Amino acid sequence: MKKSVFLGAATVACLGAGAAAAQTLESVQENGVLNCGVSTGLTGFSSPNASGEWEGFDVGICRAVAAAVLGDPMAVNFVPTTGQTRFTALASGEIDLLARNTTWTFSRDVDLGFSFAGVNYYDGQGFMVPRALGVSSAQDLDGATVCIQTGTTTELNLADYFRVNNISYEPVPIETNAEAQQQYLAGACDVYTTDASGLAATRASFENPGDHVILPEIISKEPLGPLVRQGDDQWADIVRWTLNALIAAEEYGVTSTNVSELASGTDNPEINRLLGSEGELGAMFGLENDWAQQAIAAVGNYGELFEQNIGESTPIGLARGLNAQWTDGGLMYAPPFR
């Protein structure tokens, strides 16, 4: 869910000037906690469970970074952010890392002064409608009321799609996924549009998920990933390579259950460098040499993290698709650990 792109560069620069100057790693280690921005609640990605403990696919990124940096995946302070507040929270230093299904775009990367650490989910914008409407295609939505998060790339994509296809719609503005769900179920809008993964997560939380259909059209590219402030390359490298470690671990068959055994040394030099039994990769950005081992042990490899939270065996029911390993026809690909 790709929210506001309209926070200006000058505002961000003003908010983040002091925060970006400090070394984030130093600050996190001194405080003993990682402040991680997440959504206000999206099932499977980032939401508190019945005990109030945050869990989900994006939450796993926060915990992996905390494990790599602090040796403790539970040393995370989760900060719920909306589409309107998330960039301000990151720029001001309120959070050290934003991990909440945010789309990598030119303006966010360049104009807002953030650095995306990679892509943890390749997505695209879709549409969900009540099955009772009998709609089978987005082309049939002429004149529909659409629940849409304002000030977002979702909003811009929707306007472009309807204009190109010469059909009209009436927007119903909402700010959070919870509000969208409430409005949609109350019949205030015919259609809910956001990332297809977000639609699947929202539908899974309904009392009768089968009463709702996600239409086949995907109208945009939405590469989602964690981001940090520009100006602290060391911290950006840590977050980027923690994500890469989870992706590489899946490719090389390193899991949460065998990582300790493999960390003692294998015949594969790439695994040895990844897990720290060869080389000094950790020292290159100020961490212990077992930083990746700690991250993988905490949340599993990328495949484990995916399947446990949003995969086909969960209520979310997402297939790997583009998020499969490159060896399986997907786009997930980690650069070499050397």
Side-chain angles (χ1 to χ4, degrees), residues 1-3 33-68 72-83 85-86 89-90 95-104 116-123 149 176-181 194-206 209 222-227 239 242-243 245-247 249-250 255-256 295-323 332:
M1 288 180 302
K2 312 122 331 242
K3 309 193 174 52
V33 66
L34 171 71
N35 293 310
C36 200
V38 290
S39 72
T40 53
L42 182 62
T43 304
F45 285 88
S46 54
S47 60
N49 61 23
S51 303
E53 184 176 295
W54 283 85
E55 59 187 12
F57 183 67
D58 290 327
V59 165
I61 299 298
C62 303
R63 295 205 186 280
V65 172
D72 181 3
M74 303 307 290
V76 183
N77 173 39
F78 291 100
V79 180
T81 61
T82 69
T85 65
R86 59 184 170 169
L90 180 60
I95 57 177
D96 308 303
L97 165 65
L98 182 63
R100 52 143 296 157
N101 49 310
T102 299
T103 301
W104 190 346
F116 281 79
V119 177
N120 71 330
Y121 192 93
Y122 289 94
D123 210 344
Q149 297 189 31
T176 67
N177 186 64
E179 183 185 353
Q181 177 176 324
T194 188
D195 296 340
S197 65
L199 295 177
T202 300
R203 183 174 65 172
S205 69
F206 291 169
E222 309 296 337
L224 310 178
L227 62 159
V239 176
T242 299
L243 173 58
L246 303 185
I247 295 169
E250 181 183 19
T255 70
S256 57
I296 297 161
V299 304
N301 64 37
Y302 178 85
E304 289 179 281
L305 189 62
F306 190 104
E307 293 305 328
Q308 289 165 7
N309 291 285
I310 57 176
E312 291 182 291
S313 63
T314 71
I316 314 302
L318 294 171
R320 288 292 292 270
L322 294 178
N323 299 293
M332 283 297 158

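Throughout, numbering of the chain's residues begins at 1 and tracks the sequence. All values derive from a computational prediction rather than experimental measurement.
Of all non-hydrogen atoms in S51 and N49, the two that sit nearest each other are N-OD1, 2.9 Å. The minimum heavy-atom distance linking N177 with G41 is given by the pair ND2-O, 3.9 Å. Across all their heavy atoms, L34 and A66 have their closest contact at CD2-N, 4.0 Å. Contact detail for Y302 and M332: the closest heavy-atom pair is OH-CE, 3.4 Å. Minimum heavy-atom separation, F78 to C62: CE2-CB, 3.7 Å. Shortest non-hydrogen contact noted between T82 and T85 is N-OG1, 2.9 Å.
Remark: the S197 side chain and the D123 side chain contain an N/O donor-acceptor pair separated by less than 3.5 Å. For the residue pair S205 and Q181, a side-chain donor N or O sits within less than 3.5 Å of a side-chain acceptor on the partner.
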Next on the checklist: Under the criterion side chain to side chain contact (heavy atoms under 4.5 Å, CB included), I'd like the reasoning laid out for N101 against L42: C-alpha separation, chi angles, the key distance, then a yes or no.
Outcome noted: CA-CA 10 Å; N101 49 310; L42 182 62; 3.6 Å; yes
Checklist entry - What do the steps show when you test V59 against F45 for side chain to side chain contact (heavy atoms under 4.5 Å, CB included), and what is the final call? => result CA-CA 7 Å; V59 165; F45 285 88; over 6 Å; no
Checklist entry - Passes side chain to side chain contact (heavy atoms under 4.5 Å, CB included), I316 versus T43? Steps please. => result CA-CA 8 Å; I316 314 302; T43 304; 3.9 Å; yes
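Rounded to the nearest 0.5 Å, atoms OG (S256) and CG (N301) are 7.5 Å apart. Going from atom CG of N309 over to atom CD of E55 covers 7.5 Å, rounded to the nearest 0.5 Å. With rounding to the nearest 0.5 angstrom, the CG atom of N77 is 10.5 Å from the CD1 atom of I95. Distance check, rounded to the nearest 0.5 Å: CZ of R63 to CG of D72 gives 9.0 Å. E307 CD to E312 CD: the interatomic distance, rounded to the nearest 0.5 Å, is 6.5 Å. To the nearest 0.5 Å, atom CD1 of residue I310 and atom CG of residue N323 are 7.0 Å apart.
Checked by atom type and distance alone, the side chain of T103 never pairs as donor or acceptor with a backbone atom of E222 at under 3.5 Å. Of the possible polar contacts, one joining the T102 side chain to the R100 backbone as a donor-acceptor pair under 3.5 Å is found.
The shortest side-chain heavy-atom distance between L246 and V299 falls under the 4.5 Å cut-off. The shortest side-chain heavy-atom distance between L243 and V65 does not fall under the 4.5 Å cut-off. Residues E304 and T255 are in side-chain contact: their nearest non-hydrogen atoms beyond the backbone lie under 4.5 Å apart. Residues N120 and D58 have side chains in contact (heavy-atom distance under 4.5 Å, counting atoms from C-beta outward). Residues V79 and V38 fail the side-chain proximity criterion, which asks for heavy atoms closer than 4.5 Å. The closest side-chain heavy-atom distance from T81 to T40 is not below 4.5 Å. Taking 4.5 Å as the limit, every side-chain heavy atom of P48 sits out of range of all side-chain heavy atoms of E53. Between L227 and L90 the shortest side-chain heavy-atom distance falls below 4.5 Å.
For R203, there are no salt bridge (Lys or Arg N to Asp or Glu O under 4.0 Å) partners at least two apart in sequence or on another chain. Applying the side-chain contact (heavy atoms from CB on, under 4.5 Å) test to A117 and every residue at least two apart in sequence or in another chain returns P226, V239, R240.
R320 forms a cation-pi arrangement with F306, by the criterion of a distance under 6.0 Å to the ring centre and an angle within 45° of the ring axis.
Ring pair Y121/F57 is perpendicular by interplanar angle, where above 60° counts as perpendicular and below 30° as parallel.
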